[in-house]
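Just so it is clear: chains get the letters A, B, ... in the order the sequence lines come, proteins before strands, and each one is counted from 1. Keep in mind that the numbers below use all heavy atoms, side chains included, and drop hydrogens, waters and symmetry copies.
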Amino acid sequence: MELPKILDHTQIEEKWYSHWLDKKYFRSVPDEREPYTIVIPPPNVTGVLHMGHMLNNTIQDVLIRKARMQGKNACWVPGTDHASIATEAKVVNMLKEMGISKKDISREEYMKHAWEWKEKYGGIILKQLEKLGASCDWDRTRFTMEDDLSEAVIDVFIDLFNKGNIYRGVRMVNWDPKGLTAVSDEEVIHKEVNSKLYYVKYCIVDSPQSTVHSEAVDSGLSSVDYITVATTRPETILGDTAVCVHPNDERYKHLKGKFAVVPLINRVVPIIFDDYIDIEFGTGALKVTPAHDINDYNLGIKHHLEIIDILNDDGTLSEKAELYVGEDRFAVRKKIVVDLEEKGYLEKTEEIKNKVGYSERTDAVIEPKLSMQWFVKMEQLAKPALENVMNDNIKLIPDKFKNTYKYWMENVRDWCISRQLWWGHRIPAWYDGKGNYVVAKTEGEAIKIYTENFRGLWTVDSRLTQDEDVLDTWFSSWLWPIAVFDGFKYPDGKDINYYYPTNDLVTAPEILFFWVARMIIAGYEYRKEKPFSNVYLTGIVRDKKGKKMSKQLGNSPDPLDLIKKYSADGIRTGMLFSSPAGNDLLFDEKLCEQGRNFTNKIWNALRLLKGWEIDVEKKSNNEPAFLWFENKLEQLKENLEKSYSGYRMSETLIDLYKFIWDDFCSWYLEYVKPPFGEKIDLVSYNKTLVYFEELMKLLHPFMPFISEEIYHHLKERKEGDDICIAPYPKINSFDVRIIAEGEKIKEVISAIRDVRNKNGLSPKQTLKVFIHTNEISVYQKFANLIEKMANISAINFTSTEVENTSSVLVQTDKLFIETGIALDAESEKKKIVEEMDYYKGFISSVEKKLNNERFTQNAKPEIIENEQKKLADGKSKLKSLENSLAKL
RNA sequence: GGGCGCAUAGCUCAUCUGGUUCAGAGCACCUGCCUUACAAGCAGGGGGUCCGCGGUUCGAACCCGUGUGCGCCCA
C-alpha cells in the first residue's frame, strides 16, 4: 500500500482515540499492581478549553501514559467543578434572555433552570480534552455538586462545626457589590490606579453637645479651629465615627479630649490617639470609618467606636448615610466633593496612585463590608499542611514555591466560606428567627438538635429556616482527591484505600493557596495522610508580548482550531517545547508548527522504511552503525529517565526530538539506507524496525497518535497489541567509548562536507581524503559509512602532511582533502596563525593551572587527569598546525 | 511598606553538587541545494565581556555581598 506523503492527522486521531476507548485502556480498577494516580484539577463546568488547560492536561497525560506503559495501574480521574459564581452568572444571563429575573423566581425554580443549564452546556470541556488525547478514565467522571460529593461537603461542614473549627461571625469581608456576594481575599485583585486625595476640614469643638455656626462654615472656616484629614474616599465621610491622630504628633497635641464635627451631616465624633497612624501620610490625621475599612474597623474595636454602615449591598448609599440615599457610591463621590467645596470644607485635592481591590469575577471595586459570614478557623488545621510541605513529604515542583507556600501558611487567615448565591452547596444551618441556630444535615435533624439545645423554645408554631447562602466552591474542591474515590461515603472503601494518596498533581501556581494548600489540609484532617506526593506547578501561558492568554483579552487562539491545524500531537509538542515547570511560557504558534513538522518527519521516516525492498541473500555491512546507535539509544533512555524524574518534561521531549530527528533520521537512516536502486539486507531492515518501534514507545507519552499509527505500520499486530499499553523500554548498559567513536565519525563527515560547501563543490563530486590519526582502526571500522556519507573515495591514511589539500582538524586527527582548487596560501596562513594563537593561549592557561600546587593538591584526581589530557591534546594540535604552516 | 523570584545568542529557554578541548538547544538569520522519505525538507555557517561592581576559591555563568532593571505574591 502506498503511504500518502502527508498524514491525515484528524483521521488517525479519531481512529485511535475511539480504539483506545473501545479497548478500555484508560479504565482503571484496583488490582494487585502498583497504582499511579492523578486527579484532574476540575475545570469549571462552564469552562471551555483554553491554552492553560492544554498545557496542564498535556503534562498530566504524559505522566499517566508513561506510568501506564510502565505497567502501573494508571488512573486519571476527570471531572468538573460547579463554580458557584461563574455558573450563577451564566444562569442569570440565560434567565435574563428568557425574560426572567432571578428576584422574581423561587430558589427551587432557579435551581431547576441552573441544572438544566448544566446538563445542556456544562462539561463541554471534557469532550474537548478527548481531542487532545487525554487518557482519563471517563467512567470515573465526577462533578462537585453531584449527590455523593455534595453529601461529603455537608458532612465535612457539620464535622468541622462540631469540632469548633467553623464559626459564624460579623467580620469585615470583601464585598462584591455587583456579584452581591462576599469573596475571599484571594479573589480580590489589587490594581494600582490613579486616584485623588481629598483634603477635608473638620471643625473642632469642645464637647459632643457643641454645634458649629453655619456662618463659620460659609466663611471658609477661617475663624474656627479645624483639623484637615486626607482621604481617597470622601463618600465614606458619612460613616465617620472618629478622627484619629498619632499620640506623638506635636501638631495635634492640643486636641486631646476635643471633638471633631463631620462635615455636611454635623455628626460630632471624638478625636482619638493611636500609634497606628502614619504621621507622614497626608496631614497625619485619619478619618475613621469602622464599617468601611478594615484598619478603621480594628481601630473602632480598640476605641469602642460606633459603627455606621452607610452602604447597601449593591453599593448604593443606605438610610444611615443621611444624604444621597439610594445613589451609587461613585456618583456620590463626585457629588460630595462638589458639596464639600461649595461649603468650604475642601482644602485641596492631590493626584495620587493607590491600590484598589477588584473582584476577580465581576471586576467590580470591592467594598470592605461588615457582614455575618461563616468562617473556617485555619491556624490549627494549617499546621500539618505546612509541616509536610516543608519536610518534602509533599514536594512542590519547582521547589521555589516552598517559600511562598511557607509564608502564606504561617500567616494564614480564617477562610470566609459563605457566598450569597444559590448555585452551590447550601449551608446546613437552621435559624429560629430569634437569633438561635443549629447546624444539621436535614430539617428533621435540625429540629431534633434544636429541641435539645434550646429546651422550651420549640412550640407548635415554631419553624426553622435554612441559611440562604451557599458554600465557597473551594469548600468542595478541597475534598476532591478524597471525594472522587468516595472516601467520605466509604472511608474504608476499596478505591480510596488503593488510590489514595495520589501521586502527582499538576496545576497552576495561581491556585496554590486556593486549592492545593486546602486539599493538603483536608487530606490530613480526613485521611491523616497527604493527598498527593508531588505537585507540579505549570507556568502561565502568555502571548508573545508577555500578556496572559485569556478569553477576555482575546489573545488566546482556540485550542480546537490549533488541533485541527497542527494535530493534537503537534500542539502537545508545541506546548511542552518551552515549558519548564513553574516558568511562564510565551506561547508561539510556531512551536505547534514545529510539532506538526516533527510528526511529518516521523511519518516520512516510515515511508522510507516501507519503501525498502529486502534482499534476504545480501549481507549487512552496517554493524558499526548498529553498535553506535544501540549504545546511543541506551544513553538516551538514561537521560530521558533523569529528566522525567526531575519533572523536566520539556527537556525530555527536546532530547527525544533531537534524537529522532538527528541521530535516527539524519544519521542512522542515512547510514543504512541502500543506494538508489538497491535492496536492503534483512538484518539492517529488522534492526531498523526494532529501533523505530522503541523510539515510538519512548515518544508515545508525548505524541500518542502518531506513535500508535507508526506502531501499527511497522508490523502486523495482534488484536490488543497497541503501543498505548506496550511495555515501556527498559534501560540497558552502554559503552560511552563506542558512542564517542560514533560521534567522532559524525564530526569527520561534517568536516568534509564543510570543506566541500566552502569550496562550492557539488555533493555529487567524489573527493579524495587523507587522514593523519592514531586511531586508524576506528576509521577502518566506519570506513564505508564515511565514504558513503561524505561521498569520498577509499580513505587514505598518511603520516605526513599532504601537499595541495585543504586540511582540517577533527579532535586530534587531521584530514587532508583534495579539492582540486588551488589554495590561497596567504589566507590559509592567516587562519592557521590565528588558530595557533588560540591554542598557545589555551596551553599556557592549562599549564598555569597544572603548575599551581594548590590546584594539584585540592582538585579531584579526575579533574587533574582531564587537565593533563587537555594539555596533551592542545600540544598535539599546535604541532599539527605548525606542520601545516611549514608546508605552505 | 513586607516577602519571593528572575537577569545567559536577535527571541524563548537549558547548563541538575563550582571543574570536559574558548557556555548548549530551538526559533530567527546567512550560504548552497526541489539530492527518489520528508521544501512541513537536506547540507553547512555566523552569532555570547553568562546584567554592572566587589568578594570567597587552586578554579565562578553557578557561592556570598552590593548596585541596576524586571516580574510575582501579600498589606
Remember a base hit wins even if backbone is also touched, and classify [X] as base, sugar-phosphate or nothing at under 4.0 Å, heavy atoms.
X      : answer
A:K673 : base
A:S845 : nothing
A:L606 : nothing
A:T856 : nothing
A:N600 : base
A:R648 : base
A:R753 : sugar-phosphate
A:W612 : nothing

request  = Look at the aromatic rings of A:W474 and A:F514 and report parallel, tilted or perpendicular, splitting at 30° and 60°.
outcome  =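 Rings of A:W474 and A:F514: parallel, under 30°.
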
task = Indicate the ring-plane relationship of A:Y668 and A:F664, choosing parallel, tilted or perpendicular according to the 30° and 60° boundaries.
result =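 If you compare the ring of A:Y668 with that of A:F664, the planes turn out parallel.
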
ask   = Between A:L609 and A:N597, who's closer to the 5' end of RNA chain B by nearest nucleotide?
value = A:L609

RNA chain B: 5'-proximal contact among A:N852 and A:Y839 (nearest heavy atom) = A:Y839

Table of protein N/O atoms under 3.5 Å from nucleotides 3-5 of chain B N/O atoms:
{"unit_1": "B:rC4", "atom_1": "O3'", "unit_2": "A:N403", "atom_2": "ND2", "d": "3.1"}
{"unit_1": "B:rG5", "atom_1": "OP1", "unit_2": "A:N403", "atom_2": "ND2", "d": "2.9"}

query = Going by atom types only, do A:Y647 and A:N534 share a side-chain donor-acceptor pair under 3.5 Å?
reply =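 Yes.
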
note = Of all heavy-atom pairs linking A:L881 and A:K814, the shortest is N-NZ, 4.5 Å

Write out a two-atom table: protein N or O, nucleotide N or O from nucleotides 24-30 of chain B, distance below 3.5 Å.
{"unit_1": "B:rG26", "atom_1": "O3'", "unit_2": "A:Q594", "atom_2": "NE2", "d": "3.3"}
{"unit_1": "B:rG26", "atom_1": "O2'", "unit_2": "A:Q594", "atom_2": "OE1", "d": "2.9"}
{"unit_1": "B:rG26", "atom_1": "O2'", "unit_2": "A:Q594", "atom_2": "NE2", "d": "2.8"}

query = Expressed as a whole number of Å, how far does the P atom of B:rC64 sit from that of B:rU56?
reply =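 Straight-line distance between the two P atoms is 15 Å.
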
